[in-house]
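What you are looking at is a predicted structure, and each value in this text was computed from that prediction instead of being measured. Index from 1, following the sequence.
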Amino acid sequence: MADVKVLVVDDSLTMRVLISGALERIKGVQVVGAADGAAEARKMVDQYRPEVMTLDVEMPGMSGLEYLAEIMEERPMPVIMFSTRTAAGAAESVEALRLGAIDCFPKPKVAVQAELDAIIGKLGKRIKSARNADLKRGKAAKSRKGPVADINWNGRLLAIGADAANTQALFDLFQNFPANCPPTLVVQQMSPGLLTPMIEQLREQIAPKVVEATDGMKVEQGTIYFAPQGDTHMVVDTWPNGTLRLLAREPVAGERPSISLLFASVAKAAGGNGLGVLLALDDEDGSAGLRAMLAGGAYAIGRNGTDFTLNKGAVSQPVAGDAIFANIVKLCSK
């Protein structure tokens, strides 16, 4: 497979040199250009046709977030925010993900190669998987829509697996959820410190209650539960009348919390009364959990390249990305 072509955008010459040099040392990555801001980046995009962009937040003239919004509206491509402003907990990071960035990485506080090398391996892996990202043209929603019709819930438990690249998709999906949505358990793989500001944004924009799960929390209709980032996995013990448990176990497929472990717990607890939705394209953590749900008789919606399929046992049918909510409503209603 050909190398992934990357454009580096940063207003600091030192950082452009350091980032470009570090990325060039990663097998399978080719840096095609380095721009000092949005104006130069536009020219290089036309000239070099990069497949992935790393983008600073703070730049002269147009900010990185403003340029990101322009990119996603006019010429969508995988963008990874790489800035001191995208450190853990920064509201700008969540806004970048909501606008369509596929991930956020902190720029080293000290502009030296050793600091950069500490995170470059993970960044390189993210870049290689980025060219297959499912991107869509358009502006991300900023405010809550009008009232959403309630559902006549049939008791089905919903579990969703996502990564940072699916943040925009999660916001779009949850905008449609009514206040009495099915109880929804979410594992989203993202950088530490970003979950709290994301939950705060969701609370302002959607109708259901949104919480960070705690051990022993009861699972109830009308609430979306996010697994904490850090040292535990989130599972559900029984269904109906389920309780969430946070387990201190080793990472699964390199991830903690694990999508697969959540899905497997739903399969065991709810059986055919569960529904799993895997949004993540890189499904190393998640696909095994979906198989467990199918084996337990549950419905499962998973990726097939950039498309989706709805599965039940050995039967599958295609599902458009913008039809996932409609399928959730259908499967979770009497």
Side-chain angles (χ1 to χ4, degrees), residues 91 94-95 97-99 138-162 166-188 190 194-228 234-246 257 259 262-263 265-266 269-270 273-279 298-301 308 310 319-334:
V94 176
E95 179 64 5
L97 294 171
R98 190 191 67 81
L99 287 170
K139 296 179 180 178
K142 277 188 171 291
S143 60
R144 181 180 295 183
K145 298 178 181 179
V148 180
D150 285 348
I151 66 170
N152 187 12
W153 180 48
N154 61 8
R156 182 159 278 133
L157 179 61
L158 173 62
I160 298 176
N166 310 123
T167 302
Q168 186 182 32
L170 280 178
F171 270 81
D172 291 345
L173 178 64
F174 291 152
Q175 286 274 1
N176 294 309
F177 272 38
N180 75 334
C181 69
T184 304
L185 314 181
V186 183
V187 168
Q188 184 179 15
M190 61 196 314
L194 298 186
L195 182 60
T196 296
M198 179 173 171
I199 288 176
E200 290 173 353
Q201 279 207 35
L202 281 170
R203 284 171 177 166
E204 295 177 356
Q205 297 182 26
I206 69 174
K209 182 179 179 181
V210 187
V211 301
E212 180 176 346
T214 58
D215 189 61
M217 184 175 281
K218 296 298 182 182
V219 180
E220 299 175 340
Q221 185 182 9
T223 304
I224 298 171
Y225 303 85
F226 276 85
M234 181 177 76
V235 299
V236 61
D237 58 358
T238 59
W239 192 253
N241 302 316
T243 301
L244 295 178
R245 297 298 179 190
L246 302 183
I259 298 170
L262 171 64
F263 283 180
S265 74
V266 172
N273 216 17
L275 168 61
V277 178
L278 182 61
L279 297 176
Y299 285 91
I301 298 176
F308 292 87
L310 170 63
V319 175
D322 58 3
I324 291 177
F325 172 70
N327 279 272
I328 289 174
V329 171
K330 180 179 179 180
L331 293 170
C332 293
S333 299
K334 292 181 181 178

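Here CD1 of I151 is found 10.5 Å from NZ of K334. Values are rounded to the nearest 0.5 Å. In this structure, the separation between CZ on F171 and CG on N176 is 13.5 Å, given to the nearest 0.5 Å. Atom CD of Q201 and atom CG of L194 lie 11.0 Å apart (nearest 0.5 Å). Note that the CD1 atom of I224 and the OG1 atom of T184 stand 5.5 Å from one another [nearest 0.5 Å]. Between the CD1 atom in I199 and the CD atom in E204 there is a gap of 12.5 Å [rounded to 0.5 Å]. The distance from the SG atom of C181 to the CG atom of L173 is 10.0 Å, given to the nearest 0.5 Å.
Contact check for P183 versus W153: side-chain heavy atoms found under the 4.5 Å cut-off. When side chains are defined from C-beta on, M198 counts as touching F226, because their heavy atoms get closer than 4.5 Å. Contact annotation: the side chain of P182 never approaches that of L157 to less than 4.5 Å [non-hydrogen atoms, C-beta and beyond]. Side-chain contact between L170 and D172: absent, with no pair of heavy atoms (C-beta onward) separated by less than 4.5 Å. For the pair L185 and I160, the minimum side-chain heavy-atom distance is 4.5 Å or more. Counting heavy atoms from C-beta on, the side chains of M217 and V211 come closer than 4.5 Å. The shortest distance between side-chain heavy atoms of L278 and I259 falls below 4.5 Å. You'll find the side chain of V235 stays beyond 4.5 Å of the side chain of L244, heavy atoms only.
Judged by distance alone, the side chain of W239 and the main-chain N or O of G155 form a donor-acceptor pair under 3.5 Å. In this structure a side-chain-to-backbone donor-acceptor pair under 3.5 Å is present from D237 to T243. At distances below 3.5 Å, at least one donor-acceptor pair connects side-chain atoms of N166 with backbone N or O atoms of L279. At least one donor-acceptor pair closer than 3.5 Å links the side chain of S265 to the backbone N or O of L262. A donor-acceptor pair is defined here as one N or O able to donate and one able to accept, closer than 3.5 Å; such a pair exists between the side chain of N154 and the backbone of L331.
Residue pairs meeting the salt bridge (charged side-chain N to carboxylate O under 4.0 Å, His left out) criterion with at least one member in residues 210-221, sequence neighbours excluded: D215-R245.
Residue A159 comes nearest to V266 through the heavy atom pair CB-CG2, 4.0 Å, listed as atom of the first residue, atom of the second, then distance. Considering all non-hydrogen atoms of both residues, A207 and P178 come closest at CB-C, 4.2 Å.
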Evaluate V186 against F174 for side-chain contact (heavy atoms from CB on, under 4.5 Å), listing each step before the verdict.
CA-CA 12 Å; V186 183; F174 291 152; 4.0 Å; yes
Dump the intermediate steps for side-chain contact (heavy atoms from CB on, under 4.5 Å) on F177 and V329, then the final yes or no.
CA-CA 9 Å; F177 272 38; V329 171; over 6 Å; no
Starting from the C-alpha separation in whole Å, work towards a yes-or-no answer on side-chain contact (heavy atoms from CB on, under 4.5 Å) for Y299 and N327.
CA-CA 10 Å; Y299 285 91; N327 279 272; over 6 Å; no
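No more than 12 heavy atoms of other residues, nucleotides or ligands sit less than 6.0 Å from atom CG of N241.
Comment: R98 engages E95 in a salt bridge, judged by a side-chain N to carboxylate O separation of less than 4.0 angstrom.
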